[in-house]
Amino acid sequence: MIETLNLPLGERSYPIHIGAGLLDRAELLRPALRARQAMIVSNPTVAGLYLERLQAALADVQTDVVLLPDGESYKSLGTLDAVFTALLEKRHTRHTTLVALGGGVIGDMTGFAAACYQRGVHFVQVPTTLLAQVDSSVGGKTGVNHPLGKNMIGAFHQPRAVLIDTDTLGTLPEREFSAGLAEIIKYGLIGDLPFFAWLESQMDALRAREPEALRQAIATSCRNKARIVAADEREEGVRAWLNLGHSFGHAIETGLGHGTWLHGEAVGCGLVLAARLARRQGELSEAELVRIQALMERAGLPTRPPTELSAERMLELMRVDKKNLHGALRLILPQGLGRVRIAEAVSEAEILAVLAGA
Ligand code: NAD
Ligand code: GLY
């Protein structure tokens, strides 16, 4: 069964195809290709598993391939140069299409390369991690890290199609799988209480990777994300909700060095820290906080910040965040279960107290 959602953005609207075995259904990508030329961007891990099938399905198109080193620590401007060099060496024109085959790191870098190459070419997303299937492949945020901050260099550039083959999750390591669950839980927390309750009832099935539970979790997540992006493509309002837990999470990732904790692990912990802050501010009941912590633990995610980072260091890192305004910390915080608010000028003393475990 294939489920196709639509992300409505006028003439830049695009389909999100979700189903088992879709890697062999490359005809679904055809309408997104501007010419019979494509550059698949991947890494050795994912290419070893899935490149051949994707290439076979695109056999009548000139498909060149560039492989980038695997890992968050390579999500940098320096690595991108390899993509531009390959495009130029193989004489790709303004009509080429970049195909991101991999997780969020490959997706974010490929999208950014597409935004820059010859001032902008088409790209499509073929996400192969749970995190990329439920979050990063949808919505057009692309970019790379800078040593001083996560995702600080980038562009909004929407893909022309997203092809989600749920079968690819079969080879995903356990830790990566749990990382994706963090972003799924996030959708429940920011605006979909029935989905949060469904996740509570289905967490064991999800961790056992039961296909129907997974398909539903992915489709509901993409539907939630598409609705929010359609309402606020450039994050001038509600899209900021998607950053719930991310201010804490990005501080963990940057503080430990990109790639030490997985992005989803840092976000999972960040969601719990945001919930603890909301609890201190009286916006969340003890019972609601307990439900959030329990679900995160059942998903196999950390709920305490890394001991290597002091509360003061975390706070210092949180001051470098794209959401902050005029030097004041701005956070997305739960307001009850299934709702969030944008909290302006959050007290640093309160944040320190939460980070210190008070
Ligand atoms: P990742 O891309 O590093 O992938 C995780 C690991 O799994 C890698 O080693 C990869 O090679 C491997 N892998 C991928 N698919 C596999 C498969 N099917 N089987 C076996 N191994 C596989 O990490 P990720 O969690 O997918 O993405 C994290 C990145 O996404 C971060 O850089 C984060 O900033 C970004 N992100 C972006 C957005 C956005 O809106 N653009 C949203 C959330 C996260
Ligand atoms: N992952 C946050 C966003 O897409 O806005």
Side-chain angles (χ1 to χ4, degrees), residues 7 23 41-51 53-54 67-76 79 100-112 115 125-145 149-159 162 164-184 186-187 190 209 221-222 224-226 228-229 231-247 249-250 253-254 258-259 261-268 270 322-323 332:
L7 204 162
L23 270 183
V41 183
S42 192
N43 68 33
T45 315
V46 180
L49 294 163
Y50 302 114
L51 178 63
R53 273 174 65 197
L54 187 61
L67 298 187
L68 307 180
D70 186 0
E72 182 77 35
S73 58
Y74 296 103
K75 188 179 162 182
S76 65
T79 306
L101 175 68
V105 169
I106 288 293
D108 281 13
M109 284 204 287
T110 306
F112 189 41
Q125 291 269 17
V126 185
T128 59
T129 63
L130 184 57
L131 184 138
Q133 296 188 352
V134 299
D135 190 355
S136 63
S137 65
V138 173
K141 276 192 183 175
T142 73
V144 294
N145 300 327
K150 168 99 182 132
N151 291 335
M152 281 292 164
I153 320 289
F156 283 101
H157 190 55
Q158 297 292 342
V162 182
I164 299 177
D165 183 342
T166 53
D167 281 350
T168 59
L169 299 178
T171 52
L172 199 63
E174 194 64 29
R175 215 179 134 194
E176 300 291 350
F177 188 84
S178 284
L181 290 172
E183 302 281 8
I184 293 179
K186 180 187 77 179
Y187 293 112
I190 64 180
R209 306 191 196 190
S221 299
C222 287
N224 272 300
K225 179 140 191 193
I228 290 172
V229 172
D232 176 23
E233 184 184 1
R234 296 218 154 214
E235 199 171 309
E236 278 147 11
V238 294
R239 185 163 181 172
W241 295 353
L242 292 170
N243 293 315
L244 177 64
H246 283 58
S247 304
H250 285 171
E253 288 186 86
T254 305
H258 297 300
W261 273 31
L262 302 180
H263 175 72
E265 291 171 335
V267 167
K322 291 193 285 302
K323 283 183 298 305
I332 315 302

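We count ligands from 1, going down the list as the structure has it; atoms in each ligand are counted the same way. Numbers here are sequence positions counted from 1.
A salt bridge between E183 and K225 is absent, with no side-chain N of the basic residue lying under 4.0 Å from a carboxylate O of the acidic one.
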Measure and list all N/O to N/O distances between ligand 2 and the protein that fall under 3.5 angstrom.
residue, atom, partner, partner atom, Å
ligand 2, 1 (N), D135, OD1, 3.3
ligand 2, 4 (O), K225, NZ, 2.6
ligand 2, 4 (O), R239, NH2, 2.8
ligand 2, 5 (O), K141, NZ, 2.9
ligand 2, 5 (O), R239, NE, 2.7
ligand 2, 5 (O), R239, NH2, 3.3

Could you list each N/O atom of ligand 1 together with any protein N/O atom closer than 3.5 Å, one pair per line with the distance?
residue, atom, partner, partner atom, Å
ligand 1, 2 (O), G104, N, 3.1
ligand 1, 2 (O), V105, N, 3.0
ligand 1, 9 (O), D70, OD1, 3.0
ligand 1, 9 (O), D70, OD2, 2.8
ligand 1, 11 (O), N43, ND2, 3.0
ligand 1, 11 (O), D70, OD1, 3.2
ligand 1, 11 (O), D70, OD2, 2.9
ligand 1, 15 (N), T128, O, 3.3
ligand 1, 15 (N), T128, OG1, 2.7
ligand 1, 18 (N), T128, O, 3.0
ligand 1, 18 (N), T168, O, 2.9
ligand 1, 18 (N), T171, OG1, 3.3
ligand 1, 19 (N), T171, O, 3.3
ligand 1, 19 (N), T171, OG1, 2.7
ligand 1, 26 (O), G104, N, 2.7
ligand 1, 26 (O), T129, OG1, 2.6
ligand 1, 27 (O), G104, N, 3.2
ligand 1, 32 (O), E72, OE1, 2.7
ligand 1, 32 (O), E72, OE2, 3.1
ligand 1, 32 (O), K75, NZ, 2.7
ligand 1, 32 (O), K150, NZ, 3.2
ligand 1, 34 (O), K75, NZ, 3.1
ligand 1, 34 (O), K150, NZ, 2.8
ligand 1, 34 (O), N151, ND2, 3.2
ligand 1, 40 (O), K225, NZ, 3.4
ligand 1, 41 (N), D108, OD1, 2.9
ligand 1, 41 (N), K141, O, 2.8

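N145 and E253 form no side-chain donor-acceptor contact under 3.5 Å, judged by distance and modelled atom types alone. Of the N and O atoms on the side chains of Q133 and T168, at least one donor lies less than 3.5 Å from an acceptor on the other residue. Inspection of the D108 and T142 side chains reveals no N or O donor paired with an N or O acceptor under 3.5 Å.
The minimum heavy-atom distance between A179 and E265, with the atom names listed, is CB-N, 4.1 Å. Of all non-hydrogen atoms in L130 and L172, the two that sit nearest each other are N-CD2, 3.6 Å.
By the 4.5 Å heavy-atom criterion applied to side chains, K141 and H157 are not counted as neighbours. By the 4.5 Å heavy-atom criterion applied to side chains, E233 and Q158 are counted as neighbours.
Not less than 6.0 angstrom separates the ring centroid of H258 from the ring centroid of H250.
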